[in-house]
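First comes the structure, then the notes that go with it.
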Amino acid sequence: MDRAVSTGHNRAVSEVLIEMRGAGKRFRTWKRREGFGGFFVNLFAREWTEVAALEGIELEIRRGEFLGLIGANGAGKTTLLKCVSGITPVSSGSARMFGCDSFALRDEHKRRLSMVMGQRSQLWWDLPAIDSFRLLREIYSVPRSDFELRLRESAERLQVTDMLQRQLRNLSLGERMKMEIIGAFLHEPDVVFLDEPTIGLDLVSRETIRRYLVEINRARGVTIVLTSHDMEDIEETCRRLVILRQGRVLFDGGLVDLKARTYERRAIEVHLEPSSPGWDAAFEPLLEPFGARLERAAPLTLLFSVPAPAVQRFVPFLFERFAIRDLSIEHHPLDMIIRQIFQQREGGA
Amino acid sequence: MSTAAPSSSIARDLRLLGVAFAYELRKVTAWRAGFVVRELMRSLWRPLVMIFVYRAILVTPEARFGGFDFPALVAYLILAASFEKLLFHQRGLDLADQIFQGYVTKYLTMPVRFFVLALGRFAQHLAVQSSVVAFLWVVGSLLFPQWWPRVASASAALQAFVLVLLGSYCAFLMCFLVNVLAFWLEVVWTLSAMASFVFSFAAGVLVPVSAMPQSLAGALRWMFPYWAVSAPGELFLGRLGTQEFLRGVCVLLAWVVALELLRQLLWRRGLRRHIGAGV
């Protein structure tokens, strides 16, 4: 596991809220055989297999951290959230929250956490969100005055004040997600788990939600654990990043540290004219003298990763080979950095 | 789940039950068309059909069916339909859906006993259906005074109501149990439809239990559906007495205890299986 030194806030003095030590989670599942014959065999003899969703997870999350949890589908992100939040027990090692075994949290601990699943609404479809919030107020025993104040503030910040009284079914996806987020913060939790909260949302809604999360994390010191496939979400909100791959932690460290590693390289995106020759595998050896790598090749778009000192020489080379309509040079975007981490690990494996 | 002092835990659960009741009430009235179809019109058609069936069977004024003449059967069917409306029904609980779709997991991170929220649904059902039945009784007795059932005495009406309430709670627990099977099975709605049909038959909604063969009627008297619909109907009409009422209370309380224990057991085991399977 790669563990970089974290920066950004004082982690040394803040309290550890979440702790996983050698945590693993295994599921038992049976293989469904194909075909009509397989159907009959399945009825009488099932072949059971064990799937490791998480293995040897070492993780420590402190008060006030904003942690991004990323990985491909099936990497174990949601399972990790479920183990940490006490929905499901770990199969090996330990998962603790607020100093207690996560799977044995008491009501007073549960009042300190909240969870939003982007694809699992906790608000009732046929009712205005305000009705569901009132039920949540009672579940979390929030005093009425605090409830009113927090609701008003959150609704204003997320720009949904006028929609509180509307049936949830009549709201857009973005508005509904904002309501989910309001509901998650009404009881002022210490820890909030957000599982793909911006999935399917438009740019404006995503931006509003990100800004709200960052503000609330800074103002109240709420610990937020966010999973997302949207790298913009991660870049604009998280200070720490944990990358999961096949149930293992591949990287755990500060986002700044991660980016600093690749400051010596640049991403060059080239948009070709329709008349231009496209990319050919034969060009590959020509990249070596520049230390460049092809990251992505679409019919009219090429993306290269190039060492910063070589950029000046590499750009004229591109103009010689291709008919270029547009070209941009930037620091490496986060998704490219992460892809490189995956590739390095695969290469090392 | 909670480790707070029992008194404060019960007080909290009661407060939450009140809020859940109001929440469920708003849910059921959120859709006017849905309310009219689901709450007002549900279980009206079956007794109407049965009245025509019995009319076809009992052609002459002297004809009898299990000791009932036609007007007595109409009165019984009206009562059975009214009491059946007060019973919690399978569609009243969407727990199986919540289990299938994984929504139930969110409650595991909340400081709440899920059953309290489900009880809110039951309380809402009783409140709404009591109002609906009261409304239908006023309208029905004004429109069809000659057919409408006449109560034997005030205490008979009270006894009938007590049995229906206990029976409705049994039906609620039964629904909860069938829904909880979704932790293991994918055919809950089929089971639910089957259970609903068996329940209607055993409750005497189609045919009065006392009109059934003696051995069958004797067996059904140990089942809670009989004491939830058929027996209250006959109590109301004065065909059964206080002794039968007391027997009914005992049978229903025994069922409440058995179903409650089973509910707790299945819920705990189901949840363990659910989370073990990765939700």
Side-chain angles (χ1 to χ4, degrees), chain A residues 25-29 51 53 76 78-79 81-89 91 97 102-117 119-128 130-141 167-169 180 183-184 187 189 191-193, chain B residues 1-6 8-9 11-35 38 94 97-121 124 271-279:
Chain A
K25 178 71 189 173
R26 303 183 83 79
F27 297 118
R28 199 165 169 248
T29 180
V51 178
T78 306
T79 306
L81 289 193
K82 284 174 178 169
C83 287
V84 160
S85 61
I87 291 175
T88 181
S91 313
M97 194 187 316
S102 289
F103 196 58
L105 291 180
R106 296 173 174 182
D107 279 359
E108 60 261 37
H109 296 129
K110 289 180 177 181
R111 279 194 194 97
R112 295 175 62 191
L113 73 95
S114 195
M115 185 170 231
V116 174
M117 292 193 170
Q119 298 177 62
R120 296 268 186 281
S121 172
Q122 63 174 337
L123 308 177
W124 189 259
W125 192 245
D126 289 327
L127 288 183
I130 184 79
D131 286 329
S132 299
F133 293 155
R134 287 196 184 113
L135 183 66
L136 289 174
R137 180 179 85 78
E138 196 57 44
I139 288 175
Y140 289 102
S141 310
Q167 269 186 330
L168 208 66
R169 61 165 67 244
E180 294 284 342
H187 58 289
V191 176
V192 178
F193 299 102
Chain B
M1 213 182 260
S2 174
T3 54
S8 65
S9 167
R12 206 180 144 262
D13 278 357
L14 284 174
R15 249 193 347 264
L16 181 59
L17 178 62
V19 176
F21 165 71
Y23 181 70
E24 293 294 340
L25 205 58
R26 280 194 288 273
K27 265 169 31 181
V28 83
T29 51
W31 252 37
R32 278 177 299 185
F35 182 83
R38 274 199 310 261
D94 50 3
D97 279 343
Q98 297 208 32
I99 293 170
F100 283 141
Q101 291 167 20
Y103 286 99
V104 81
T105 54
K106 73 183 176 221
Y107 297 107
L108 303 179
T109 63
M110 289 183 181
V112 64
R113 280 199 310 134
F114 179 79
F115 188 64
V116 176
L117 299 179
L119 269 178
R121 181 80 61 96
Q124 169 269 112
L271 221 46
R272 210 177 304 153
R273 179 186 158 85
H274 193 53
I275 57 186
V279 255

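None of these values were measured; they are calculated from a predicted model.
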- Note on the structure: One should read off an interatomic distance between A/Lys82 NZ and B/Thr109 OG1, to the nearest 0.5 angstrom, of 11.5 Å
- Out of curiosity, A/Leu135 CG to B/Lys27 NZ, how far, rounded to the nearest 0.5 Å? 8.0 Å
- Specify which of A/Leu136, A/Asp131, A/Thr78 makes the most heavy-atom pairs with chain B at under 4.5 Å. A/Asp131
- With a 4.5 Å cut-off on heavy-atom pairs, point out which of A/Ser132, A/Ser91, A/Cys83, A/Ser141 contacts chain B the most. A/Ser132
- Message: Less than 4.5 Å to any heavy atom of chain B: does that hold for the side chain of A/Arg169, its backbone, both, or neither?
- Response: side chain
- Query: Checking A/Leu127 against chain B: side chain, backbone, both or neither under 4.5 Å from a heavy atom?
  - Reply: side chain
- Message: A side-chain contact here means heavy atoms from C-beta on lying under 4.5 Å apart; do A/Met117 and B/Lys106 qualify?
- Response: no
- Query: Quick one: are A/Ile139 and B/Pro111 in side-chain contact, heavy atoms under 4.5 Å?
  - Reply: yes
- Message: Would the distance check show the side chain of A/Lys110 and the main-chain N or O of B/Val112 forming a donor-acceptor pair, the cut-off being under 3.5 Å?
- Response: no
